[in-house]
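These notes are about the structure you will find just below.
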Amino acid sequence: MRSRERLVDIFSTFIEFQSDSSIRWVVDARLYRSMQRQIAEWNEPQTSARFWVEYWYLLWQQGQAVNKQNNLARGHLAAYLQEPCFWSATRFRQLLPQGVFSTADCFQIAIAEIDKILAGYDIQRATSLKSYASLAYPRLLRDIFRQRKDAEISTNPTLLRRVGKRVFLEALSQSGQQPQMIECYRLAWMCFKTVVQRELSQSSHSSLVDWESVSALYNAERLRQLDGSDIEASTAIDASTAEQWLTLCSKWVRAYLYPPIASLNVSFADGSTGEWQDAIADPLEKPLDKLIDEYEIRHRQMQHKQLSNGLVHAISTLSTEQQQLLWLYYSKNLTQRHIAEQMRLQQYSVSRQLSRARDSLLLKLAAWSQDSLHIILTPDLIRSMSTLLEEWLRAHYESTQEPLDYP
């Protein structure tokens with residue numbers, strides 16, 4: 001999709017969703033004629049988008065002052081803010097569960113609140129309306145979805161389950177927690193993720209967290225993973241404490257990820273002249289088709305791809321004999337006896353080599369889970385991973401062609 005360049009287009013065209021990943025610009029005829037007429041009436045045509053933003057904003061503001069909405073000015077400003085609204089809706093959609101809301105839904109919810117965006121904008125300051133909207137729209141969407149309680153992002157367990165280790169530790173550090181307590185919170189969070197991951201692997205759809213299991217796992221791991229000389233590390237916790245700790249952690253993580261925007265009209269802390277909003281530059285305007293491509297890949301798809309690539313690489317590090325055994329067993333669906341006959345091996349040797357190959361891949365899968373999902377491995381989880389690995393191997397070899405160097 002082409003980006004808007006002409007003034008008349010910038011203030012009179014709107015995004016139309018043909019699907020969640022296909023959009024186009026459509027023209028509002030009334031606004032188009034209005035912009036043409038206004039540009040023609042000026043003795044010296046104004047070619048700056050900023051000039052027309054201020055012009056229409058002042059007209060909108062005057063209409064608000066007399067309790068009469070200026071629909072024409074509001075329409076022009078709504079057209080102008082299509083890009084920051086779409087960008088915010090697209091990013092926010094990535095945080096929502098699959099199938100709850102589409103990008104188009106988030107966009108329509110956001111653009112319908114344009115009066116709140118305009119009311120919060122201070123035209124007397126140096127920042128542009130588009131810069132302000134790029135900051136204000138994400139916060140507005142978060143507030144709307146929190147109030148509706150329709151989005152899973154509003155729940156603390158989901159936030160803690162999705163957040164990464166780096167963000168989690170930075171959030172706790174920014175909140176002013178002591179290093180010793182941060183380590184305790186970190187271990188409690190890892191135990192929480194392990195328990196939740198186990199429940200998900202067992203197809204448990206309960207929204208309640210088993211805090212007893214979280215505290216039990218924490219108490220079992222604390223002496224091994226924490227510094228025993230610290231009082232906090234040597235103290236066992238109960239289910240109530242585990243829930244209280246992680247509720248606080250979710251509060252700190254939420255504050256870190258979604259800091260409130262009270263005002264941009266704040267002076268620099270170093271005493272220099274100017275305010276924060278003066279330093280905000282207009283964002284680079286990307287063509288919307290590229291912006292869509294950038295956010296099409298969902299978090300789960302990215303993780304699945306990383307996992308698959310890691311396992312494919314792990315297979316390539318196995319011996320040639322083990323790779324051939326895996327291919328014959330999963331792709332050709334041969335029994336161990338038939339494989340032994342074909343490769344002229346003893347059947348116990350085939351069984352042993354297959355087990356070693358699977359164990360090696362399971363170790364790679366477990367290491368990836370610890371590094372990427374930040375969970376503590378338990379016997380139940382390892383059994384679940386073994387089942388998932390078996391399913392992945394069958395799916396992988398069904399789509400794999402016969403290697404050229406195999407007999």
Side-chain angles (χ1 to χ4, degrees), residues 95 142 146 149 152-260 299 303 362-386:
L95 303 176
R142 288 194 299 270
R146 284 173 187 164
K149 297 182 180 179
E152 199 178 344
I153 192 176
S154 64
T155 65
N156 291 335
T158 299
L159 183 64
L160 290 176
R161 181 167 59 87
R162 292 185 175 184
V163 72
K165 181 179 179 181
R166 179 186 62 80
V167 171
F168 181 84
L169 294 178
E170 287 180 358
L172 266 61
S173 178
Q174 182 172 291
S175 69
Q177 305 306 305
Q178 295 299 317
Q180 297 85 351
M181 282 306 300
I182 289 180
E183 282 302 300
C184 294
Y185 291 138
R186 179 194 61 81
L187 179 58
W189 170 66
M190 292 179 64
C191 294
F192 160 83
K193 296 191 75 170
T194 300
V195 170
V196 171
Q197 189 74 18
R198 181 180 62 204
E199 292 173 349
L200 290 175
S201 67
Q202 296 172 352
S203 300
S204 173
H205 298 288
S206 173
S207 60
L208 299 178
V209 179
D210 186 357
W211 296 110
E212 290 287 351
S213 296
V214 174
S215 61
L217 184 57
Y218 175 90
N219 293 331
E221 294 286 335
R222 61 188 171 85
L223 296 180
R224 185 172 67 86
Q225 296 201 33
L226 299 177
D227 185 356
S229 62
D230 293 330
I231 297 177
E232 294 85 355
S234 62
T235 304
I237 65 173
D238 56 17
S240 176
T241 302
E243 182 177 6
Q244 181 183 8
W245 278 9
L246 289 167
T247 300
L248 287 172
C249 289
S250 66
K251 176 182 177 182
W252 295 326
V253 169
R254 198 180 299 279
Y256 176 82
L257 290 175
Y258 314 126
H299 181 65
Q303 284 191 335
L362 184 58
L363 286 174
K364 296 289 186 181
L365 176 59
W368 179 86
S369 299
Q370 283 184 309
D371 294 339
S372 300
L373 302 179
H374 312 295
I375 59 177
I376 298 172
L377 296 179
T378 64
D380 288 340
L381 272 180
I382 293 176
R383 281 192 292 270
S384 298
M385 288 180 185
S386 180

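Remember, it's a predicted structure, so these values are computed and weren't measured experimentally. Here, residue 1 is the first one in the sequence, and each next residue gets the next number.
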Side-chain contact, heavy-atom cut-off 4.5 Å: [X] with [Y]?
{"X": "W189", "Y": "K165", "value": "yes"}
{"X": "W211", "Y": "F192", "value": "yes"}
{"X": "L172", "Y": "C249", "value": "yes"}
{"X": "W252", "Y": "Q174", "value": "no"}
{"X": "L246", "Y": "N156", "value": "no"}

List for me each residue that meets salt bridge (charged side-chain N to carboxylate O under 4.0 Å, His left out) alongside E221, sequence neighbours excluded, and say none if there are none.
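By the salt bridge (charged side-chain N to carboxylate O under 4.0 Å, His left out) rule, E221 matches R224.
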Taking side chain to side chain donor-acceptor pair (under 3.5 Å) as the test, write out the residues that go with E243, two or more places apart.
none
Can you sort out the partners of S173 under side chain to side chain donor-acceptor pair (under 3.5 Å), two or more places apart, ordered by chain and number?
none
Of all heavy-atom pairs between A366 and M385, which one has the smallest distance, and what is that distance?
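Heavy atoms only, the tightest pair is CA-SD, 4.0 Å.
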Taking only residues two or more places apart in sequence or in another chain, which ones pass side-chain contact (heavy atoms from CB on, under 4.5 Å) with [X]?
{"X": "T241", "answer": "I237, D238, W245"}
{"X": "A220", "answer": "none"}
{"X": "A216", "answer": "none"}

With S250, the side chain to side chain contact (heavy atoms under 4.5 Å, CB included) member among T158, L160, V163:
L160
Restricting to pairs with a member in residues 167-186, which pass salt bridge (Lys or Arg N to Asp or Glu O under 4.0 Å), not counting sequence neighbours?
R166-E170, E183-R186
Assess the residue pair F168 and I182 against the criterion (side chain to side chain contact (heavy atoms under 4.5 Å, CB included)); give the C-alpha distance rounded to whole Å, side-chain angles, the decisive distance to 0.1 Å, and a yes or no.
CA-CA 10 Å; F168 181 84; I182 289 180; over 6 Å; no
